[in-house]
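The structure appears right after this line, and notes come after that.
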There are 2 protein chains.
Amino acid sequence: MGGESPPRRIRADAERSTARILEAAEAVFAEDPAASLERIADAAGLARVTVHRRFASRTALLDALAEQLSQRYLLGLAEARVETAPPLVALHRLTEIVFDLKLGHRFAVQLSAALTPAVVDGLDLLFARLRDAGAITAADPAWCRQVYLALLHEVYDLPAGSPTLTSAGAGDEVEAKVNLLVRTAVGALGGSSDTTGVALDR
Amino acid sequence: MGGESPPRRIRADAERSTARILEAAEAVFAEDPAASLERIADAAGLARVTVHRRFASRTALLDALAEQLSQRYLLGLAEARVETAPPLVALHRLTEIVFDLKLGHRFAVQLSAALTPAVVDGLDLLFARLRDAGAITAADPAWCRQVYLALLHEVYDLPAGSPTLTSAGAGDEVEAKVNLLVRTAVGALGGSSDTTGVALDR
DNA sequence: CAGACCTGATACGGCACTGTTTCACTTACG
DNA sequence: CGTAAGTGAAACAGTGCCGTATCAGGTCTG
């Protein structure tokens, strides 16, 4: 049954369209998960018909988005050296990376499909190592994941001039958010703030 | 300008219907905020037309739901003696009360309309007192609120047999959840787990 | 350059949901 | 008990969105 891929060349043009659509979808869905495809098409500067050409159905678009998201998470986990670096450092770095992705996390969290088994495994490993290192006391990896992601979500859309944020030090706003998130997550998972300070104050 | 309320007697029958609709809406919207009014009508054992008779529009129903929710929060804050009781005890008690309400928090949190200024004030007061008592270090009340509500949400739909939950002690499942939430929230907001232990272990 | 590919515009059918109306019937309440 | 109110069933118009099709014109790519 060899359904050879027909001589269908995917023009570079079209591929740019898909990219623009995914980008727009990420932004639009972030603030309204029920947004219509037309709104996304507008945001992408394309016609609604084109969206339907690149993605057979709405769910196909959603799936592609989840896929892309999952890939980024995986890449982030790799870049953060979750397996080898000192766990607190890895946590800090991972958070940094995720923030840089500027993902619409309200969407991402809601779309649990982005949490591929591979991604979950990566996070679980990170938290297991954190616990072994004594940075946190919570044992249940699922719980750690939930808490981390929830707090990530909250920190992400924290207003820029928030007192909490400015008091978090670090001139860079993103860096302040990262510090806040790491400190809060570790605290939530039963870590002693001492350990945090030792490893991260600098 | 006296628009006297016309001799429109609201029959007890009808009032029961509104109650059933609100109840059903709470349950249905909890797991699908975009659910149709027909689904709610079914859940309430009524016809869709009746829903439209009791609530002029979909948003009217949403508003009524938010109103009801806000009332419950206010009542909870009062019952927890947020203003007078030792803050950690108040936090514990408030959490207990909110859980007992069995609210669909996925819905409630999403519907920020339920956070009336009055409710916000109550929560702010609670966290201010917690800080003054040294139970937490976070100063920004908005941040405290966000974190508390986010964690409340997470704990709420934690599977019954979760290792985190069973390890939280307390034979009663609800009590275990309450303990977990208080401990996690206090930790997240920079409280020393020592203080928590002193005030709550028992 | 030439053919294959991509796009926008326009239009259509279909679906699900909202909100309204009418009518016959049941139920509460004075 | 009798009237006013509430309800269910059925049907209607209106809307928004999805998915498809067609066609003319623009754009790559070999």
Side-chain angles (χ1 to χ4, degrees), chain A residues 3-67 104 107 110-111 113, chain B residues 3-67 104 107 110-111 113:
Chain A
E4 309 265 292
S5 65
R8 177 159 207 170
R9 322 170 317 194
I10 306 156
R11 239 165 63 174
D13 200 1
E15 207 138 11
R16 254 185 310 169
S17 288
T18 43
R20 294 183 64 179
I21 293 171
L22 283 173
E23 193 180 352
E26 193 174 296
V28 173
F29 279 144
E31 61 181 22
D32 178 12
S36 72
L37 294 189
E38 186 150 32
R39 278 188 54 191
I40 292 171
D42 286 349
L46 298 173
R48 186 173 68 91
V49 182
T50 303
V51 175
H52 275 105
R53 254 191 291 255
R54 304 280 112 222
F55 300 95
S57 69
R58 181 193 180 86
T59 55
L61 173 57
L62 267 303
D63 288 351
L65 210 47
E67 169 67 20
F107 168 70
Q110 190 175 24
L111 186 70
Chain B
E4 310 264 291
S5 65
R8 178 161 205 169
R9 323 171 315 195
I10 305 158
R11 239 164 64 173
D13 199 0
E15 207 137 12
R16 255 186 310 170
S17 288
T18 42
R20 294 183 64 179
I21 292 172
L22 283 173
E23 193 179 353
E26 192 175 297
V28 173
F29 279 144
E31 62 181 24
D32 179 13
S36 72
L37 294 187
E38 184 150 32
R39 280 188 54 192
I40 293 171
D42 286 350
L46 298 173
R48 187 173 66 90
V49 182
T50 302
V51 176
H52 276 105
R53 254 192 290 255
R54 303 280 113 225
F55 300 94
S57 70
R58 182 192 179 87
T59 54
L61 172 58
L62 267 303
D63 289 350
L65 209 47
E67 169 67 19
F107 168 70
Q110 190 176 23
L111 186 70

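Being a predicted model, the structure only gives us computed values, none of them experimental. Reminder, nothing fancy here: chain letters follow the sequence lines and each chain counts from 1.
- Checking the phosphate oxygens (OP1, OP2) of dT7(D), no side-chain nitrogen or oxygen of T50(B) falls inside 4.0 Å.
- Residue S17(A) comes nearest to R54(A) through the heavy atom pair CB-CD, 4.3 Å, listed as atom of the first residue, atom of the second, then distance.
- As rounded to whole Å, 11 Å separates atom P of dA9(C) from atom CZ of R53(A).
- Pairing each heavy atom of I21(B) with each of L61(B), the nearest pair is CG2-CD1, 4.2 Å.
- Between E15(B) atom CD and dC29(C) atom P the separation is 10 Å, expressed in whole Å.
- Put simply, the side chain of R39(A) reaches to within 4.5 Å of the side chain of D32(A), judged on heavy atoms.
- Regarding L46(B), its CG atom lies at a distance of 14 Å from the P atom of dG6(D), rounded to whole Å.
- Within 4.0 Å (heavy atoms only), R16(A) reaches sugar-phosphate atoms of the nucleic acid but no base atom.
- Comparing A12(A) and G45(B) by the nucleotide of DNA chain D whose heavy atom lies nearest to each, the residue mapping closer to the 5' end is G45(B).
- For the pair I10(B) CD1 and dA4(D) P, the computed distance is 18 Å after rounding to whole Å.
- Atom pair R58(B):CZ and dA16(C):C1' shows a separation of 12 Å (rounding to whole Å applied).
- Taking 3.5 Å as the limit, the base of dG6(D) and the side chain of R54(B) contain no donor-acceptor pair of atoms between them.
- Residue-level contact check: R11(A) touches the bases, meaning some heavy atom is under 4.0 Å from a base atom.
- Sequence order on DNA chain C of the closest nucleotides to S17(A) and T59(B) puts S17(A) first from the 5' end.
- When each of L22(B), L62(B), L37(B) is tested with F55(B) by the rule side chain to side chain contact (heavy atoms under 4.5 Å, CB included), just one qualifies, namely L22(B).
- In this structure, CD1 of I40(A) is placed 15 Å from C1' of dG19(D), rounded to the nearest angstrom.
- The nearest pair of heavy atoms linking I40(B) to A24(B) is O-CB, 3.7 Å.
- Across E15(A) and I10(A), no two heavy atoms sit closer than the pair OE1-CG2, 4.3 Å.
- In this entry the distance linking CG of D42(A) with P of dC17(D) reads 11 Å, nearest Å.
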Within the 4.0 Å limit for protein heavy atoms, which parts of nucleotides 10-16 of chain D are touched? Write it as a string from 5' to 3', B for base, S for sugar-phosphate only, - for none.
B------
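- The interatomic distance linking H52(B) (NE2) with dG19(C) (P) rounds to 4 Å, in whole Å.
- Between R58(A) and S36(A) the shortest heavy-atom distance is NH1-CA, 4.3 Å.
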